[in-house]
Amino acid sequence: TNTRAGKLFISAIAFLLIFLIGMSRIVLHVHYPSDVIGGYALGYIWVYFWIVLYQNYGKVLNRKK
């Protein structure tokens, strides 16, 4: 989907799925809430790092083609 509404829908579904998986880990007593929050934070940092890296160096790499 290339429309803004489609991207928003896919993002909302992904967010909901990630949230529910984290909550299920807590409800099933497989992880502590701090583990899940730490996992969310680490995942956010990881995605942010790659987005920034792509924004800064993606143009350089695409120019060489």
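Heavy atoms only: backbone and side chains are in, while hydrogens, waters and symmetry mates are out.
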Ring geometry between Tyr48 and Tyr44 (parallel below 30°, tilted from 30 to 60°, perpendicular above 60°):
parallel

Please confirm whether the backbone N or O of Leu53 pairs with a side-chain atom of Asn56, one donor and one acceptor, at under 3.5 Å?
no

Hey, any chance [X] and [Y] share a hydrophobic cluster, counting ILVMFWY side chains that come within less than 4.5 Å of each other, even indirectly?
{"X": "Leu20", "Y": "Ile13", "answer": "no"}
{"X": "Phe15", "Y": "Met23", "answer": "no"}
{"X": "Val30", "Y": "Ile26", "answer": "no"}

Calculate, to the nearest 0.5 Å, the distance between atoms CG and CG belonging to Asp35 and Leu42 respectively.
12.0 Å

Looking only at heavy atoms, what is the nearest atom pair of Val36 and His31, with distance?
CG2-CB, 4.2 Å

Other than Ile21, which residues form its hydrophobic cluster under the rule that side-chain heavy atoms must be closer than 4.5 Å?
Leu17

Determine whether more than 12 heavy atoms belonging to other residues, nucleotides or ligands lie under 6.0 Å from atom OH of Tyr40.
yes

